[in-house]
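Owing to the predicted nature of the structure, the values given are computational and were not obtained by experimental measurement. Naming convention: chains lettered A, B, ... in sequence-line order (proteins, then strands); numbering from 1 in each chain.
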There are 2 protein chains.
Amino acid sequence: MTTTDWLEELRSERSDLGRASTAGRVADVLRTRITEGHLRPGTRLSEEDIGAALGVSRNTLREAFRLLGHERLLVHEFNRGVFVRRLTVDDVRDLYQVRRILECGAVRRLAERRASDSPPAGRTAELLAPVRAAVEEGESAAAQDAWVSVGTANMHFHQAVADLAQSPRVTEVMDHLLAELRLVFHVMDAPQAFHATYLPENRAILELLVAGDLAGAEAAIATYLDAAEAQLVEAYAAAAARG
Amino acid sequence: MTTTDWLEELRSERSDLGRASTAGRVADVLRTRITEGHLRPGTRLSEEDIGAALGVSRNTLREAFRLLGHERLLVHEFNRGVFVRRLTVDDVRDLYQVRRILECGAVRRLAERRASDSPPAGRTAELLAPVRAAVEEGESAAAQDAWVSVGTANMHFHQAVADLAQSPRVTEVMDHLLAELRLVFHVMDAPQAFHATYLPENRAILELLVAGDLAGAEAAIATYLDAAEAQLVEAYAAAAARG
DNA sequence: GAGTGAGGTATTGTTGAACAATCCGTCAAT
DNA sequence: ATTGACGGATTGTTCAACAATACCTCACTC
């Protein structure tokens, strides 16, 4: 426990301190409202109404809107207002396209790093710890029939896979992608069942990773994503057809 | 020229029209000022001064700051102000890590798409047109000793490679990454020579792509990025050493 | 009845000013 | 040399106002 250790700890907490911004907190509130489905896609967010409801000025609310707009949860149409994003089927396809590149790419980079130089075998297990944690989180949630938790655990799993790239920017992009995807899940009749379907696959991918079969893991992720995309696109078309 | 063609043209111009926002235009001005190196990293941007200089109110300027903050060109420190981003060596490494995943991933996805189903051979040439255009743009710029144009052509090349994924989100992320990288290039003594070095490599990668050797192209891009990263990191350390 | 045009209303875009909160440099004190 | 207090400067946030734009309604024409 040297002095620098203390400083490092404090440094990591500094980001939490910075969250004091009002606009940031407003954005947090709206974000959860959106991702949890209380605000349906297409809904228009009136500056005046929401500003009054949350007790913040229009200017501050606008800053919050910008934040969420860049996360693609809101769309800002000039002189018309902001709306909860309504994703098209093409958006869904694109989201999975990027996920294929990112998640598979993360595993691939891991493989290249191991092949070349820097892989103390112990560190691999340490690196996979978040993945394992997410898998177990999902399984135990399913065992308790906590279906919403299964959904978030699934998100954690894929976030953990992307984090294998050990790249802050990949992490951030992935975070935004998953937030967007949450907009989509609400169109499904039974999102719980949808997520539960993939629990065994998560476990299988984890096993491949720990076994060191990175090419196999990459392939498994790819087919995983293809299947999920197909399922979502179908559900999306059905939802669009009936209204 | 059917009716739908007309509509498509108009649709592409709509984005230009939407740029009428004052905050957006202010952001444009600042963005070029930053990426062209007139505003050095670490510079603090005073709300009052810049607002007066550009003739916009503080509130509008703040919206512009948020926009550039999300593009990672500015950092916003609470109660202290906004600063032109100062990238660390770790940032440079991360940027290239993401570029490896994105650019190689785009080529890889192209390969998978060709292997499976949908590749009319004619469309491949059409897809590669922007890549070829960027290569020739760079070569002709070098022939005329227009070194700054060589730099932008190089950006266009890599943007075109990423666009092979045919994913709007990949395009956008890549756009932001390259904007960030522009912040880095200015620390080099001779960025012109740096970019010119890679002109033959761009040509070689293009040839591999048209020849259909996608695995070879992917490998070439990877070694390309490794070399560029090493060169930049070295220059960056040198610049940091001398102050 | 369908489509067109004019006018009114509501909402957003932008500005300017104001006040509180916070940071930064200075200076005195220990 | 470190600490603590003070004061100036900048940011965070709000409010009120006006201009610009979009949407709705309604009369009008064919």
Exercise. Which class fits the ring pair F185(B) and F194(B): parallel under 30°, tilted 30 to 60°, perpendicular over 60°?
Worked result: tilted

For this session: List the steps, then state whether side chain to side chain donor-acceptor pair (under 3.5 Å) holds for E229(B) with Y224(B).
Result: CA-CA 9 Å; E229(B) 174 187 346; Y224(B) 178 128; over 6 Å; no

For this session: Indicate yes or no for a side-chain donor-acceptor contact from T35(B) to the backbone of R31(B) under 3.5 Å, with no hydrogens or angles considered.
Result: yes

Could you give the side-chain donor-acceptor pairs of residues 161-168 of chain B under 3.5 Å, partners two or more places apart or in another chain?
| unit_1 | atom_1 | unit_2 | atom_2 | d |
| --- | --- | --- | --- | --- |
| D163(B) | OD1 | Q159(B) | NE2 | 3.4 |
| D163(B) | OD1 | T171(B) | OG1 | 2.7 |
| Q166(B) | OE1 | R113(B) | NH1 | 2.1 |
| S167(B) | OG | D94(A) | OD1 | 2.5 |
| S167(B) | OG | D94(A) | OD2 | 3.4 |
| S167(B) | OG | R169(B) | N | 3.4 |
| S167(B) | OG | V170(B) | N | 3.2 |

For this session: Nearest whole angstrom, please: distance from the P of dT21(D) to the CG of N79(A).
Result: 7 Å

Exercise. Where along residues 58-76 of chain B does a heavy atom fall under 4.0 Å from DNA chain C?
Worked result: R58(B), N59(B), T60(B)

Problem set entry | Spacing of R44(A) atom CZ relative to dT21(D) atom C1', expressed in whole Å | 13 Å

Problem set entry | L177(B) CG to Q97(B) CD distance, which is reported to the nearest 0.5 Å | 11.5 Å

Problem set entry | For DNA chain D, the residues among residues 48-57 of chain A that have a non-hydrogen atom under 4.0 Å from it | G55(A), V56(A), S57(A)

Problem set entry | Sub-4.5 Å side-chain heavy-atom contact between L68(B) and L30(B) | yes

Exercise. Nearest to the side chain of E47(B) - dT11(C), dT15(C), dT11(D)?
Worked result: dT11(D)

Exercise. Does the ring center of H186(A) lie less than 6.0 Å from the ring center of H38(A)?
Worked result: no

Problem set entry | Pair Y198(A), Q231(A): side-chain N/O donor-acceptor within cut-off below 3.5 Å | yes

